[in-house]
Amino acid sequence: MKSYDHKRIEKKWQSYWEKKKLNVAKVNSKKKKFYGLIEFPYPSGDGLHVGHIRSNTAMDIIARKRRAEGNEVLYPIGWDAFGLPTENYAIKTGIQPAIVTKKNTDTFRRQLKALGFSFDWSREINTTDPEYYKWTQWIFLKFLEKGLAYKKKMAINWCPKDKTGLANEEVVDGCCERCGTPVEKREKEQWMLAITKYADRLDRDLDPKRVLIGTRNSAKVKMIKACFAGVVGISLITFDDIPPVDDSKLVEGDDFLENAKKKSEFYFKATGIPTISTDHILWIDKWPENKGFMVHLRKHANPSSERATDEEVVVFLKNFLKGVGGESKANFHYGIAYTDENGTFVREEVPANYILQDKVQAKSYWPGYPTEALLKDSKTGVFKADQSDDVRYVRIAMMFKKHFVPRMLGDKTAIDYLEKIRIQQKNWIGKSHGINITYPIDGFKKTVTIFTTRPDTNFGATFIALAPDGAFVKENLEHFPNKKEVSVYIEQVNKRTDIERLAEGRKKTGVFTGLYAVNSLNNRKMPMYVADFVLGGVGTGALVGVPGHDMRDFEFAQEMKLEIVRVVVGPDGDVSPITKKEQVQEDTGTMINSEFLNGTDIHEATKKIMEYMEEKGYGKKITTFKLRDWIFSRQRYWGEPIPVIHCQKCGAVAVPEKDLPVKLPNVKNYLPTDTGESPLAVIENWVNVKCPKCKGPAKRETDTMPNWAGSSWYYLRYADSKNKREFASAKALKYWTPVDWYNGGMEHTTLHLLYSRFWHKFLFDLKLVPTSEPYLKRTSHGLILGEGGAKMSKSVGNVVNPDTLIEQFGADTLRLYEMFMGPFDQHIAWSTESMIGPRRFLEKVWRLFEKTQNVNSKSQKRKRSKITNSKLETLLHKTIKKVGDDIEATRFNTAVSSMMILANEMDKEEEVSIKNYEIFLRLLAPFTPHITDELWHMLSHKKSIHLESWPSFDLLIMTSAFENLIIQINGKVRGRLSVEADISEEEAKAKILMLPEITKWLDGKEIKKIIYVKGRIVNIVL
RNA sequence: GCCGGAGUGGCGGAAUUGGUAUACGCACACGACUCAAAAUCGUGCGGGGAAACCCAUGAGAGUUCAAGUCUCUCCUCCGGCACCA
């Protein structure tokens, strides 16, 4: 046998798969679809980064597993090729960005193909291709048409180095996200996209639906939770998660279906949260006289007690079965009821979960195996409780998924984002509920409106603070009694940058306007200040100061020597005047000095006073967001031209659809200008056009779109990438979208991910896409850092080159190492040294082939006739389950390690059966596609291993006949004992108490109790 | 400051969710094969101790028959937001 030589086999299989079109997604497939997506790379001049490989391999494994599971899989690839690095390179070298892009994509394509990713290359896209950006522009025109794209003169973030405006999302710590230069404010006309119109939906649709588990029985809670495993978009909560519920008045009857209904209705009424409840009953068929018979198991098993124990149930059933005859079937019937937010309930019965059968047909009882199942062993006649929840709940879980989950979700597209992604997006959108309060101003014709989330403390309000750039100041400055001082102050403020202000430690400054607002609650006159800690863009650009209960207001009050009133008393009981910042009671406590609010909790008081103020007409409840509209224009060359023509007569006119795409013209000089105009502005024969409306002289818009435009919808184009008439056909979109699983970087959570959700919802409203969310599941990978833990960069010199690694170790080893190196979602430092481990493993897998070749027919036969499963087979089936589960949970590192364990065990055997070896290869194939296909063909298969189905595990083989009991004395391990899996508790205890290593500890001591956990542990307490 | 996440050998990291702490891999040491080396295989590898045993999961307390896992207090690191009213 030849030795493992990756160079000989990898190229060969890559071209074989390509020739056989193994990875091309079929157009009219009858199969269930799976759409796996990775963020399409920006083809930089540096070539492929090992970080790309981590993400791509992970999704490749998932895609290959899905194919093996019988899905039609779309795993596409393309290029997000507009952007600054290419443009800057063009400026330096004078080479056209289009040519640079072509060169870079060629390199990336070659590198990606060398790694054996199962991309469907036939759908490759490129955002800089006019055939592609035609549709980016087309979607922009839709925004324009619906009034969601608009032009506005405003102060924007300007990067003086890149010489372009930036979106809020692109400014990090006051600096340009891309180049780190401190950003400046510039007043400029900008194209904006009204993402704030979608803020509420972008926030709300991130939340799963909350459903209460309406039972206090921990076994049932556990069961329902287990049944909902893998269900997306529903968050199950228990009584622990909500304020106490009094259910002493809940009365249950004898009918299990009715009980389930009663419970769900009762708890819904008590909590207002949609509630699911279950009840069950034991049902004996064919007895007596072929009539059904219901048994309240817990009651019948021990009538004198409230709840019989499991053991009592077993004894009861054993006797019961004797009485009714061996052929009887007994099963649990489950009644499940769900009461939704409207108070209407639905209920279903889950029938026929066979739990007792005399003639045990191994395969037949598994699918419907219920909770609290009891199984009679055909040989010994011993009943035993089964432990495997996955199997026990299968049928009930199916019932939940089929009948209840759709009802719970309604028309909501349920999404499953990694929790930290969800939270980060919510933070960024920054939804908050509050109230706009309007105060009259003493001796002034106008009123002032402020926004607050804490109106409960309004009796303690002592001042008003206005933003220097806020609307109130702009409109009324002329009439301020102290307008001179205010103007000087505003001038000072405008001179300072954000960074300077941060450096000063946010010292509060301000100036009195000479005006007093009047608090309608208590007629207090509140001096009005202009202060730069108030931001023009937040709320109404004005706030009411409650220095006793807001740290920032307190600091300002101290600076300005303003009055401080206490209206909340905290848990410390301090009611003295507030003079120190330690006394500022912010988010807990009870109201005082607040008239009708006195004595109420602050949260209760907030609700109460909001109602009160609305009723009195002092204020109006409102929801605000931190999210700002998206600044959509860039003053650079290498982006999609914004398809608008400015006409002196008609104003901004959309380029007619038939004239799309507006192609980027070739220019000589890509250099951005200091005037804030795009380099396109100087190309006269491109800029000067006729107005599409009046045919008069007009000029093209010379700003281009940001990098995020093309990537906001690219996953839709993959569905139908060659379509010339539409961005994608409705039919293709209906089949392929939404994306089932999207993996990408954390850095895109508030940029790309938010933007594309926005575009998608917009297209959904136009009925151009079938769902309201683009991605069902979003995971993210951790960064790969350089050796030593610093970020990989050319300047540090710690960049690793995939080409070298593929040459030296092979693509399979590189893929496997990146999956094995550590937890997928965590950052990790590169270590070329550690690659040897995965390589040795593959060599071992290669050598194992020989152990399958000298198995003579006799021993193959002998193996098959064995009754008990060999240890290896048990391990094999456990590994099948583990690898599958781990892939789904993106625990690739432990998936690999479990396959290493299996290979080590196989290696210890004299010979390995072809059957087992083949299963092993099929498990490994998604990770290392080349070596496994080679070995597969060496085993005389004619077709590719990647056309094989995903191995299934057999629970009977997985469950070992023997279990290792750990024996503890007072919690310390003192021994272990291998016992038969179905040994009874008494037998096990008896055996253990005879072991010499145990008896020596018991000498002369009294055993207080013995804890017995089946199949796991025995703890003797002395 | 607020919101997340994490802290386990020399290193990357496991631990069926409360049940054998340190799986798997790297590095290291010794042995076998070899003239030799590489590769491969085998053995060892948290600390203390001759051993029996004892002590160890950032620190300290608590709940429990049993805690890396749950609860509280604190420390450190990473990520996000940050004068958001």
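Throughout, protein chains are lettered first and strands after them, A, B, ... in sequence-line order, and every chain is numbered starting at 1.
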Given [N], is OP1 or OP2 found less than 4.0 Å from the side-chain N or O atoms of [X]?
{"X": "K626(A)", "N": "C84(B)", "result": "no"}
{"X": "R847(A)", "N": "C41(B)", "result": "yes"}
{"X": "N427(A)", "N": "A82(B)", "result": "no"}

Ring-face cation contact, F533(A) with K508(A), 6.0 Å cut, 45° max: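 Yes, cation above the ring, under 6.0 Å and within 45°.
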Given [options], the nucleotide with the shortest approach to the side chain of [X]:
{"X": "I1017(A)", "options": "U40(B), U20(B), C65(B)", "result": "U20(B)"}
{"X": "F820(A)", "options": "G19(B), G12(B), A23(B)", "result": "G12(B)"}
{"X": "K972(A)", "options": "C55(B), A85(B), G25(B)", "result": "C55(B)"}
{"X": "V1013(A)", "options": "G19(B), C54(B), C24(B)", "result": "G19(B)"}
{"X": "P823(A)", "options": "U17(B), A23(B), G13(B)", "result": "G13(B)"}
{"X": "R974(A)", "options": "C83(B), G19(B), C54(B)", "result": "C54(B)"}
{"X": "R976(A)", "options": "U20(B), U17(B), A85(B)", "result": "U20(B)"}
{"X": "I828(A)", "options": "U20(B), G12(B), A82(B)", "result": "G12(B)"}
{"X": "I836(A)", "options": "C26(B), A85(B), U20(B)", "result": "C26(B)"}
{"X": "R840(A)", "options": "C54(B), C26(B), G4(B)", "result": "C26(B)"}

Taking the same atom, [atom1], in [N] and in [M], what whole-Å distance lies between them?
{"N": "C45(B)", "M": "A51(B)", "atom1": "P", "value": "13 Å"}
{"N": "A67(B)", "M": "G60(B)", "atom1": "P", "value": "15 Å"}
{"N": "G18(B)", "M": "U64(B)", "atom1": "C1'", "value": "9 Å"}
{"N": "G10(B)", "M": "A59(B)", "atom1": "C1'", "value": "23 Å"}
{"N": "A52(B)", "M": "A6(B)", "atom1": "P", "value": "38 Å"}
{"N": "G25(B)", "M": "A15(B)", "atom1": "P", "value": "16 Å"}
{"N": "A21(B)", "M": "G46(B)", "atom1": "C1'", "value": "11 Å"}
{"N": "U20(B)", "M": "C84(B)", "atom1": "P", "value": "47 Å"}

Sugar-phosphate only, base, or nothing, as touched by [X] at under 4.0 Å among non-hydrogen atoms:
{"X": "K908(A)", "value": "nothing"}
{"X": "I1011(A)", "value": "base"}
{"X": "N904(A)", "value": "sugar-phosphate"}
{"X": "I966(A)", "value": "base"}
{"X": "S831(A)", "value": "nothing"}

Take atom [atom1] of [X] and atom [atom2] of [N], then tell me their distance rounded to the nearest Å.
{"X": "F841(A)", "N": "A23(B)", "atom1": "CZ", "atom2": "P", "value": "18 Å"}
{"X": "R891(A)", "N": "U16(B)", "atom1": "CZ", "atom2": "P", "value": "9 Å"}
{"X": "M746(A)", "N": "C81(B)", "atom1": "CE", "atom2": "P", "value": "10 Å"}
{"X": "N893(A)", "N": "A15(B)", "atom1": "CG", "atom2": "P", "value": "8 Å"}
{"X": "Q424(A)", "N": "C78(B)", "atom1": "CD", "atom2": "P", "value": "16 Å"}
{"X": "M551(A)", "N": "A82(B)", "atom1": "CE", "atom2": "C1'", "value": "15 Å"}
{"X": "F625(A)", "N": "C84(B)", "atom1": "CZ", "atom2": "C1'", "value": "13 Å"}
{"X": "Y417(A)", "N": "G80(B)", "atom1": "OH", "atom2": "P", "value": "20 Å"}

Please determine, for [N], whether a Watson-Crick or G-U wobble partner exists with both distances under 3.5 Å, and give it or none.
{"N": "C65(B)", "value": "G19(B)"}
{"N": "G60(B)", "value": "C72(B)"}
{"N": "U40(B)", "value": "A32(B)"}
{"N": "C77(B)", "value": "G5(B)"}
{"N": "G12(B)", "value": "C24(B)"}

Taking everything shown except K607(A) itself, do over 12 heavy atoms lie less than 6.0 Å from its NZ?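 No - once you tally the heavy atoms of other residues, nucleotides and ligands closer than 6.0 Å, there are 12 at most.
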Hey, which sits more toward the 5' end of RNA chain B by its nearest nucleotide, E555(A) or P838(A)?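 Nearest-nucleotide comparison on RNA chain B picks P838(A).
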Find which nucleotide of RNA chain B each of V544(A) and E419(A) is nearest to by heavy atoms, and output the residue with the more 5' nucleotide.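 The residue closer to the strand's 5' end, by nearest nucleotide, is E419(A).
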Salt bridge check, E843(A) against R839(A): does any charged N sit closer than 4.0 Å to a carboxylate O?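 Between E843(A) and R839(A) there is a salt bridge, with a charged N closer than 4.0 Å to a carboxylate O.
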Need the glycosidic conformation of G68(B): syn if within 90° of 0, anti if not. Which one?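 G68(B): anti.
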How should the glycosidic conformation of U17(B) be described, syn or anti, under the criterion that syn lies within 90° of 0?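 Chi for U17(B) falls in the syn range.
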For the residue pair F554(A) and Q583(A), establish whether any side-chain heavy-atom pair is separated by less than 4.5 Å.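 The answer is no; the side chains never approach within 4.5 Å.
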Is a side-chain donor-acceptor pair under 3.5 Å present for K844(A) with N904(A)?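 Present: a donor and an acceptor within the cut-off.
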Indicate the ring-plane relationship of Y4(A) and W846(A), choosing parallel, tilted or perpendicular according to the 30° and 60° boundaries.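 Y4(A) vs W846(A) ring planes: tilted.
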For the residue pair F920(A) and F841(A), categorise the inter-ring angle as parallel (less than 30°), tilted (30 to 60°) or perpendicular (more than 60°).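 Aromatic pair F920(A)/F841(A) classed perpendicular.
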Got a second to check how far L805(A)'s CG is from T813(A)'s OG1, nearest 0.5 Å?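 Answer for the CG-OG1 pair, L805(A) versus T813(A), is 10.0 Å.
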If I take atom OG1 from residue T462(A) and atom CE from residue M560(A), how far apart are they, to the nearest 0.5 angstrom?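 Reported to 0.5 Å precision, the distance equals 12.5 Å.
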What I want to check is whether an N or O donor and acceptor connect the side chain of R454(A) with the base of A85(B) at under 3.5 Å.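 Side chain to base: no pair present.
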